[in-house]
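The model shown is predicted, which means the values in this text are computed figures rather than measured ones. Sequence lines set the chain letters: A, B, ... in the order given, protein chains first and strands last, and positions in each chain run from 1.
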Number of protein chains: 2
Amino acid sequence: MRALRHPKAEEIELTRVLYALSDPLRLDIVRQLDREGEATCAALDCGRPKSSMSHHFRVLRDAGVIRTRTDGTAHMNGLRRAELDRLFPGLLEIVLAQAAAKIQ
Amino acid sequence: MRALRHPKAEEIELTRVLYALSDPLRLDIVRQLDREGEATCAALDCGRPKSSMSHHFRVLRDAGVIRTRTDGTAHMNGLRRAELDRLFPGLLEIVLAQAAAKIQ
DNA sequence: TCTGTAGTTCGATAATAATCGAACAAACGA
DNA sequence: TCGTTTGTTCGATTATTATCGAACTACAGA
């Protein structure tokens, strides 16, 4: 597939990260990626059509929250944990601790 | 003035807080409130008309980030630091450390 | 009571974002 | 090479949010 854009670590903006994390569905994606390490888009079915899921992955990717690598026909997504922890120490931890809550 | 709604501590939702903080102007308000302890809306002039400022204060208030108390004709705004620190330990600190950046 | 001050609310408009079906693209296996 | 799988991108629609002037409300002081 075409190359997916990822911001460099120094290009990651706090406001964009906060925005990306301010949606319950995206927060759920982040929580699942934290538990499972890496996952394909399809593996994290949130009951939405794939175009909607793709959109949310894109928001997370553009914000610098996740990194997507191509593996055959699949896209493996993982949190950019080390980079985020360095830029905003503690943020992911806070968010993941809470994210276990509900998702409608 | 009429009573302003404030969510109870246990009603504060992480996603709403993150959303409220995901705007550069609101982040700037939060940063100023942190430095100055408490401030009126007018004191934090961000170059917007007061109706716009009022809107952003409302978003912060509705999310549970700030508390507004009436003092004569003025509204004193302050961070709900203790409650936020208890609910999301470290979040404000992270956000304030970064918020010193730019605001367009 | 009249006036000024401080901020909210209303109403309209513009800008952003979410949603989802459909078309498309890339890689793989048969 | 032909289908299958996996996800992206397009396009249109809807929903949410920001913006700002104008009207409004409440309080305080002269």
Considering just the side-chain nitrogens and oxygens of B:H75, establish if one lies under 4.0 Å of OP1 or OP2 belonging to D:dA26.
-> no

Grab the CG-P distance between B:D23 and D:dT16 for me, whole Å please.
-> 19 Å

Would you say C:dT8 has OP1 or OP2 under 4.0 Å from some side-chain N or O of B:R61?
-> yes

Closest nucleotide among C:dT19, C:dA18, C:dC20 to the A:H56 side chain = C:dT19

So, A:R31 and A:D34, do they make that salt bridge, N to O below 4.0 Å?
-> no

Taking the side chain of A:V59 as its heavy atoms from C-beta onward, which of C:dA18, D:dG21, C:dT8 lies nearest to it?
-> C:dA18

Hey, what are the protein-to-nucleotides 11-17 of chain C N/O distances that come in under 3.5 Å?
| unit_1 | atom_1 | unit_2 | atom_2 | d |
| --- | --- | --- | --- | --- |
| C:dA17 | O3' | A:Y19 | OH | 2.7 |

Under the side chain to side chain contact (heavy atoms under 4.5 Å, CB included) rule, collect the residues that match up with B:E10, sequence neighbours excluded.
-> B:K8

Nearest-Å distance, CE (B:M76) to P (D:dC27)?
-> 18 Å

Would you kindly give the CZ-to-P distance between A:R58 and C:dT19, to the nearest whole Å?
-> 15 Å

Rounded distance (nearest 0.5 Å) linking atom CZ of A:R58 with atom OG of A:S51 | 13.0 Å

Among the nucleotides D:dT9, C:dA18, C:dT8, which one has an atom lying closest to any side-chain atom of A:S54?
-> D:dT9

To the nearest angstrom, the CG-P distance between A:N77 and D:dG7 comes to 8 Å

Please determine if a side-chain N or O atom of B:R48 lies less than 4.0 Å away from the OP1 or OP2 oxygen of D:dA18.
-> no

Atom pair distance, as rounded to whole Å: CZ in A:R69 and C1' in C:dA26 = 17 Å

Quick one: the side chain of A:S51 and the base of C:dG21, do they pair up donor-acceptor inside 3.5 Å?
-> yes

CZ of B:R81 to CD1 of B:I66: how many Å apart, nearest 0.5 Å?
-> 14.5 Å

Hey, any chance B:L96 and A:L87 share a hydrophobic cluster, counting ILVMFWY side chains that come within less than 4.5 Å of each other, even indirectly?
-> yes

Going by an N to O cut-off under 4.0 Å, is there a salt bridge joining B:E83 and B:R80?
-> yes

Figure out the CG/P separation between A:L4 and C:dA27, and round it to whole Å.
-> 12 Å

Please tell me if the side chains of A:R67 and A:N77 come closer than 4.5 Å, counting only heavy atoms from C-beta onward.
-> no

Choose from C:dC28, C:dC20, C:dA23 the nucleotide whose nearest atom is closest to any side-chain atom of A:T73.
-> C:dC28

Quick note, B:A74 side chain, CB onward, closest among C:dT9, C:dC20, C:dA6 is C:dA6

Below 4.0 angstrom from OP1 or OP2 of D:dT6, is there any side-chain N or O of A:T40?
-> no

Find the distance B:F57:CZ to C:dT8:C1' and express it as a whole number of Å.
-> 13 Å

Is there side-chain contact between A:L79 and A:L84, with at least one heavy-atom pair below 4.5 Å?
-> no

Write down the distance between CD1 (B:I29) and P (C:dG7), rounded to a whole number of angstrom.
-> 12 Å

